[in-house]
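Below is one structure, written out as structure tokens, with a few remarks after it.
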Amino acid sequence: MVAVIPLNDLRRIHEPLLSEFSSCWDRVMTSGWFLRGRETEKFEAEWAEYCGQAYCVSCASGTDALTIAAIGLGLKRAVIQGNTLPLTAIALYRAGVHLELSDVEPDGRILSHAPETVPVLLYGRLPQGREVERRLYDAAHAHGWRPHQNAVACWSFYPTKTLGALGDAGAITTNDQGLAELMRDLAGRDDVFRDGRQMTSRMDEVQAAILSVKLKALPSWIAARQEIGQRYLSDLPQTINYVSNARGDLNHLAVIKLKDRDRLAGWLRACGVETKVHFPVPLHKQAAPWGHSAVSLPAVEEWCSSVLTLPCFPGLTKKEQSLVVEAIVRFEENQNGADRSA
């Protein structure tokens, strides 16, 4: 049986922190306080400071974060890239936003010039070009990015994120005090009626306590992902496009792009390397309220048919990285041999 190199391994990431996790559990259980308590207040302050913003509003998920932010900003229309995950669209649609889908640049970034553009920082890539100086961001993949002064950034702490909870959680950061207060009302800060649009979306005390512990490790985790990304960038064949190739990219996901994506995925699976596609179905091809089958987004369709995510996480060994690279090199050699004999 071929040994498996996992796409991600939370056990390896968490093992050094298990005793601190136990302390978090004991502290919250002893307090008898499970929502809207000191642990949540503490993490909100820590995350705002880490992001370089004044306020953090926590909630139950990254999807809720984007919905709450869109409602708080009074967003009526938004343009998003068609190669993002459906949750971006779901979150905005729930907020009553009219969605328009944009094609993408050759590098997978949004093509739209519209002021209502909501960039998605896919794979942990830092904003560039048209993504810079926008108001609202889906930063679910971008832990480690420091938003600009006027940005409203929506974060996911889904377990597999670079900073992930042991369940689900999310947050919004901003420098706008009035917006922060409104978003607290919208998230359902208590059981009082404050706004007819309010939800019940709260981070629990256990998740907040865990995230405070993990936040201390975040810089080293980002550095580890960036080191793996640099290894892929330097050692993979030139025929393979490593997507996160800009200075400072956070490498939440290690994504490559090539024509024979499905064939390579099958090859790697046979070699014991786990992969995944982020994301295989373009938004305009989905049976959803925002789906527009008549819309032509050729670059989005080409992108979704050619990207593949490789293993990348703190604790991925140098040997495992070498095995991933070597497997891809062998695949390319076989492909070139087949082309010459055709």
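Throughout, residue positions are numbered sequentially from 1 according to the sequence presented.
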May I have all residue pairs that pass ring-ring contact (aromatic ring centres under 6.0 Å, His included) and include part of residues 50-91, sequence neighbours excluded?
W47-Y50
For F21, look at atom CZ and say whether over 12 heavy atoms of other residues, nucleotides or ligands are found less than 6.0 Å away.
yes
Taking C-beta and beyond as the side chain, do E116 and L75 meet within less than 4.5 Å on heavy atoms?
no
Could you check if a side-chain atom of W290 sits within less than 4.5 angstrom of a side-chain atom of I90, using non-hydrogen atoms only?
yes
Check whether any side-chain heavy atom of W155 sits under 4.5 Å from a side-chain heavy atom of C56, and report yes or no.
no
Worked verdict on L233 versus Q230 for side-chain contact (heavy atoms from CB on, under 4.5 Å):
CA-CA 5 Å; L233 181 61; Q230 283 300 309; 3.9 Å; yes
W33 side chain to L35 backbone, donor-acceptor under 3.5 Å
yes
Which distance, rounded to the nearest 0.5 Å, do you find between the CE of M203 and the CD of E44?
7.0 Å
Hey, quick one: are V277 and V120 part of the same hydrophobic cluster, counting side-chain heavy atoms closer than 4.5 Å, chains of contacts allowed?
yes
Can you name the closest pair of heavy atoms from L17 and K214 and give their distance?
CD1-CG, 4.2 Å
Using the rule that two of Ile, Leu, Val, Met, Phe, Trp, Tyr join whenever any of their side-chain heavy atoms come within less than 4.5 Å, decide whether L10 and Y158 are in one cluster.
no
Check this for me: R38, atom CZ, are more than 12 non-hydrogen atoms of other residues, nucleotides or ligands nearer than 6.0 Å?
no
Does the side chain of P147 reach to within under 4.5 Å of the side chain of Q53, using non-hydrogen atoms?
yes
Heavy-atom closest pair (E46 atom, S212 atom, distance to 0.1 Å) is OE1-OG, 2.7 Å
Check: S23 side chain, S19 main-chain N or O, donor-acceptor pair, under 3.5 Å
yes
With no hydrogens and no angle check, do the side chains of T160 and N8 hold a donor and an acceptor under 3.5 Å apart?
no
For T162 versus H252, what's the shortest heavy-atom pair and its separation?
OG1-ND1, 3.0 Å
Determine whether a donor-acceptor pair (N or O, by modelled atom type, separation under 3.5 Å) exists between the side chain of D249 and the backbone of N251.
no
Heavy-atom check, side chain of L310 versus side chain of T275, under 4.5 Å
yes
Check: Q198 and D185 side chains under 4.5 Å, non-hydrogen atoms
no
Verify, without hydrogens or angle tests, whether N175 (side chain) and Q149 (backbone) share a donor-acceptor contact under 3.5 angstrom.
yes
Counting only heavy atoms from other residues, nucleotides and ligands, does the tally under 6.0 Å from NZ of K257 exceed 12?
yes
Steps toward side-chain contact (heavy atoms from CB on, under 4.5 Å) verdict (S102, T117)
CA-CA 9 Å; S102 169; T117 296; over 6 Å; no
May I ask you to decide whether E131 forms a salt bridge with R125, counting only side-chain N to carboxylate O separations under 4.0 Å?
no
Should F313 and V325 be regarded as members of a common hydrophobic cluster, given that ILVMFWY residues are connected when their side-chain heavy atoms come within less than 4.5 Å of each other, either directly or indirectly?
yes
Can you tell which of D64, D195, T67 makes a side-chain contact (heavy atoms from CB on, under 4.5 Å) with L186?
D195
Which pair of non-hydrogen atoms, one from P6 and one from P311, has the smallest distance, and what is that distance?
O-CB, 3.2 Å
Parallel under 30°, tilted from 30 to 60°, perpendicular over 60°: which one fits the rings of Y232 and Y242?
tilted
Can you check salt bridge (charged side-chain N to carboxylate O under 4.0 Å, His left out) on D191 and R36, steps first, answer last?
CA-CA 11 Å; D191 55 3; R36 307 190 307 266; 5.6 Å; no
Test item: D103 side-chain N/O and V300 main-chain N/O as donor-acceptor pair under 3.5 Å
yes
Determine the minimum heavy-atom distance between A171 and A65, stating which atoms define it.
O-CB, 3.5 Å
Single-linkage hydrophobic cluster, 4.5 Å side-chain cutoff, W303 and L101 together
yes
Under 3.5 Å, is there a donor-acceptor pair between the side chain of N83 and the main chain of G108?
yes
Do T174 and M183 have side chains that get closer than 4.5 Å, going by heavy atoms?
yes
From L264 CG over to W267 CH2, what is the distance, rounded to the nearest 0.5 angstrom?
9.5 Å
When you group the ILVMFWY residues by side-chain heavy-atom contacts below 4.5 Å and let the links chain together, are L73 and V79 in the same group?
no
Between K319 and E326, is there a salt bridge with N-O shorter than 4.0 Å?
no
Between CZ on residue R189 and CZ on residue R202, distance to nearest 0.5 Å
11.5 Å
Treating R263 as the side-chain partner and K259 as the backbone partner, does any N or O pair qualify as donor plus acceptor under 3.5 Å?
no
S58 versus T40, side-chain donor and acceptor atoms under 3.5 Å:
no
Treating R225 as the side-chain partner and L250 as the backbone partner, does any N or O pair qualify as donor plus acceptor under 3.5 Å?
no
Quick one: does any side-chain atom of N150 pair with a main-chain N or O of H148 as donor and acceptor, under 3.5 Å?
no
Any side-chain heavy atom of L166 within less than 4.5 Å of one from H14?
yes
Is K42 paired with E205 through a side-chain N to carboxylate O contact shorter than 4.0 Å?
no
Gap between atom CG of L283 and atom CD of Q81 - 0.5 Å precision:
9.0 Å
Test side-chain contact (heavy atoms from CB on, under 4.5 Å) applied to D204 and F34, step by step
CA-CA 6 Å; D204 69 66; F34 304 111; 5.8 Å; no
Return the NE2 to NE2 distance between H278 and H141, rounded to the nearest 0.5 Å.
6.0 Å
side-chain contact (heavy atoms from CB on, under 4.5 Å) between L268 and L308, intermediate numbers included:
CA-CA 11 Å; L268 291 174; L308 185 68; 4.2 Å; yes
Can you confirm whether the side chains of T317 and E320 place a donor and an acceptor under 3.5 Å from each other?
yes
All heavy atoms of A89 vs all of L99, minimum pair found to be O-CD1, 3.5 Å
With no hydrogens and no angle check, is any side-chain donor or acceptor of R261 less than 3.5 Å from a backbone partner on V307?
yes
Interatomic distance, CD1@I210 vs CD@E20, rounded to 0.5 Å, equals 9.0 Å
